[in-house]
Amino acid sequence: MRIRSLGVIDDAVVELSPGFTAVTGETGAGKTMVVTSLGLLLGGRADPALVRIGAKAAVVEGRIALVSSSPAAVRAEEAGAELDDGALLISRTVSAEGRSRAHVGGRSVPVGLLGELADDLVAVHGQTDQQGLLRPARQRQALDRYAGDAVAGPLAKYTAAHRRLRTVAAELDELTTRARERAQEADLLRFGLDEIAAAEPLPGEDVELSAEAERLGHAEALASAATVAHAALAGNPEDPEGIDATTLVAGAHRGLEAVRGHDQELAALADRLGELGILMADVATELAGYADGLDADPLRLAAVEERRAALNHLTRKYGEYGKDTTAVLAWSEQSAARLAELDGDDDRITELIAERDGLRAELGELAQQLTDARTASAEHFAAAVTTELGELAMPHARVSVAIRQTELPEDADDADGIEVNGRSVAYGPAGADEVEILMAPHPGAPPRPIAKGASGGELSRVMLAVEVVFAGSDPVPTYLFDEVDAGVGGKAAVEVGRRLARLAKSAQVVVVTHLPQVAAFADRQLLVEKTNDGSVTRSGVTVLEGEDRIRELSRMLAGQEDSETARAHAEELLETARTGT
């Protein structure tokens with residue numbers, strides 16, 4: 001890896017051994033930044049606070065050797081990345097403003113792809129993981145992870161059924177708790193629909209009635225105007241000497257007709273006068289019919305106004321301001337559909353209750369399958385961790401896994417539990433099991449939760465044993481341990497180093513450590529040290545060999561690089577690691 005402008009690191013190159021690499025240095029020298037850098041390459045959260053003060057961005061670049069057929073290589077190539085001589089080049093840039101960019105195989109990719117690759121490449125274990133494993137929920141997750149497909153299969157089915165049960169229960173709760181409001185809503189809708197049905201409005205009816213009311217209200221004036229207009233066009237029978245428009249137009253037409261053969265333009269005007277005469281005669285005829293047919297019926301006018309009032313009442317209540325009866329009919333259609341939905345609530349409640357009960361029964365069966373699978377895996381898991389503790393200078397310790405279920409009292413609400421083997425037990429999104437890792441530190445001691453039954457140094461070894469067991473069940477090419485040996489010393493520290501070296505025979509192991517007993521077993525030891533200005537430069541991460549490594553181990557042992565006693569102890573540690581004795 002090359003690291004630039006990250007935390008205290010100005011510019012440094014970290015070369016990891018294919019086997020066991022130990023990263024050492026004074027407290028605050030920047031060892032954790034090596035872990036942080038690897039985390040960024042693997043899709044970790046980009047925190048702008050990590051960018052070195054005064055720098056525009058932090059950059060981490062890594063070169064990862066891959067087999068072309070490995071899942072990570074296939075996933076990278078699917079994303080358009082290319083391998084370089086069997087290696088995948090990854091880079092991550094974090095700006096001081098918080099923007100983050102990622103490149104894989106020379107191609108810009110979403111940061112999420114780095115996280116997907118990380119699942120196949122590296123397993124990171126640190127003190128945070130140790131603290132997390134003290135919580136029962138994390139212990140259950142750890143056991144499920146160890147169990148693999150045996151638990152993953154039924155757990156996926158259980159999770160899906162549990163999610164559906166929550167959805168059904170929420171809908172059922174809404175229907176039952178809001179039953180009164182829904183009944184009131186249904187009554188209001190029925191009243192409105194009945195009122196509209198009784199009136200039987202037609203689309204656009206109020207517009208037509210408005211026009212009829214206007215006509216009936218002014219019937220006398222309209223009839224008088226039509227009579228006057230008719231007389232002007234066709235003449236008044238009571239005044240034979242009167243002059244009307246139709247007679248005048250007819251005379252003009254006859255005058256032009258007599259000479260139309262002499263001029264084409266005048267002939268066209270004659271034609272137009274002829275058309276005008278015909279049109280005036282038609283209008284006169286219609287005016288006569290209009291005046292005869294117009295009936296100033298006060299009873300009809302009263303009926304129209306009464307109908308209009310009824311329709312206006314409906315429009316104000318169920319339509320929109322300024323709209324006609326079409327809006328009322330639209331409300332009626334929508335309300336009828338809503339009423340059908342409300343009236344169907346009882347049937348829906350019955351369906352939901354049946355589905356809920358079926359889901360609870362299904363969850364009970366799946367929960368039992370989970371319990372059986374976890375119980376079987378717990379025995380293997382506990383035996384494997386106990387074996388590892390024997391390798392870590394705790395030969396008498398015994399680990400076990402307790403799987404319990406909380407039985408509910410008889411008066412408990414049915415919704416709080418599911419029935420498993422004839423018992424009503426509490427349940428959650430991951431089943432009905434409470435998982436707890438127990439340890440008996442020596443023969444005759446009762447098993448106790450690891451948080452209470454182990455000292456600080458023992459707890460670190462228990463957690464390391466758990467992580468090593470995970471490494472065997474969930475193999476990846478690289479394992480990173482960040483000070484998981486905290487609180488361990490003496491012979492136990494030697495055994496921790498020996499166990500990590502053994503793990504490194506089948507995988508790449510990187511350990512950030514303060515323990516010389518652990519560092520001595522490494523195939524390569526890297527020293528992180530600051531310059532006088534407090535930064536880590538390119539030369540600040542160095543590979544220790546020969547005398548330099550002895551001096552660093554002496555410092556780690558006694559705080560004095562030149563102490564003869566510390567040097568002798570350091571040489572002895574290296575010899576022990578080399579010979580395996």
Side-chain angles (χ1 to χ4, degrees), residues 1-17 21-25 28-66 71-73 75-76 79-81 83-84 87-129 132 476-484 508-513 526 528 530 534-538 540-541:
M1 289 190 300
R2 183 178 182 184
I3 310 166
R4 286 178 287 172
S5 302
L6 184 71
V8 298
I9 299 180
D10 179 22
D11 191 346
V13 175
V14 180
E15 299 180 4
L16 304 176
S17 166
T21 299
V23 182
T24 64
K31 299 187 300 300
T32 301
M33 286 297 103
V34 175
V35 179
T36 302
S37 300
L38 189 56
L40 285 173
L41 280 183
L42 300 173
R45 187 175 68 90
D47 185 353
L50 296 173
V51 180
R52 184 172 172 78
I53 297 176
K56 293 183 179 180
V59 181
V60 183
E61 300 168 311
R63 182 180 177 88
I64 302 176
L66 288 178
R75 195 186 299 259
L83 297 183
D84 180 19
L88 185 64
L89 303 180
I90 299 178
S91 70
R92 180 83 179 276
T93 303
V94 181
S95 71
E97 291 79 23
R99 294 188 299 273
S100 175
R101 296 195 307 273
H103 290 80
V104 175
R107 190 179 189 87
S108 178
V109 298
V111 173
L113 177 63
L114 300 184
E116 295 176 8
L117 294 174
D119 294 337
D120 300 320
L121 293 174
V122 180
V124 180
H125 307 293
Q127 291 177 309
T128 301
D129 300 284
V476 292
T478 300
Y479 296 91
L480 174 61
F481 295 93
D482 182 16
E483 297 188 13
V484 294
Q508 183 181 41
V509 177
V510 182
V511 178
V512 177
T513 182
L526 301 180
V528 182
K530 294 180 181 179
S535 67
V536 177
T537 63
R538 180 183 293 273
V541 180

Kindly indicate whether the side chain of [X], heavy atoms from C-beta on, has any atom under 4.5 Å from the side chain of [Y].
{"X": "V510", "Y": "Y479", "answer": "no"}
{"X": "E61", "Y": "L89", "answer": "no"}
{"X": "L88", "Y": "L117", "answer": "yes"}
{"X": "T21", "Y": "V511", "answer": "no"}
{"X": "V23", "Y": "T513", "answer": "no"}

For [X] and [Y], which heavy atoms make the closest approach, and how far apart are they?
{"X": "A96", "Y": "A55", "value": "CB-O, 4.0 Å"}
{"X": "A72", "Y": "L121", "value": "CB-CD2, 3.6 Å"}
{"X": "P48", "Y": "S95", "value": "CB-O, 4.0 Å"}

Review point. Who are the side-chain hydrogen bond (donor to acceptor under 3.5 Å, both in side chains) partners of T93, not counting sequence neighbours?
Key: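 Checked T93 against side-chain hydrogen bond (donor to acceptor under 3.5 Å, both in side chains); zero matches.
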
Practice item. From the options V51, D47, L6, select the one residue that forms a side chain to side chain contact (heavy atoms under 4.5 Å, CB included) with V94. Key: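 So the option named by the test is V51.
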
Atom pairs and distances, donor-acceptor, side-chain atoms in residues 98-109, under 3.5 Å, two or more places apart:
residue	atom	partner	partner atom	Å
S100	OG	R92	NE	2.7
S100	OG	R92	NH2	3.2
R107	NE	A79	O	3.4

Quick one: [atom1] on [X] to [atom2] on [Y], what's the gap to the nearest 0.5 Å?
{"X": "R63", "Y": "L41", "atom1": "CZ", "atom2": "CG", "result": "14.0 Å"}
{"X": "L40", "Y": "L114", "atom1": "CG", "atom2": "CG", "result": "9.5 Å"}
{"X": "R2", "Y": "E15", "atom1": "CZ", "atom2": "CD", "result": "12.5 Å"}
{"X": "I53", "Y": "S5", "atom1": "CD1", "atom2": "OG", "result": "12.0 Å"}
{"X": "D10", "Y": "R52", "atom1": "CG", "atom2": "CZ", "result": "5.0 Å"}

Practice item. Evaluate the criterion side-chain contact (heavy atoms from CB on, under 4.5 Å) for residue pair L38 and T36; output intermediate values, then yes/no. Key: CA-CA 5 Å; L38 189 56; T36 302; over 6 Å; no

Point to revise | Step-by-step side-chain contact (heavy atoms from CB on, under 4.5 Å) determination, V35 to L480 | key: CA-CA 8 Å; V35 179; L480 174 61; 3.7 Å; yes

Exercise for review: Check side chain to side chain contact (heavy atoms under 4.5 Å, CB included) between V14 and all other residues, then give those that pass, not counting sequence neighbours.
Suggested key: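 Once residues adjacent in sequence are excluded, the partners of V14 under the side chain to side chain contact (heavy atoms under 4.5 Å, CB included) criterion are M1, I3, L16, V34, L526, V541.
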
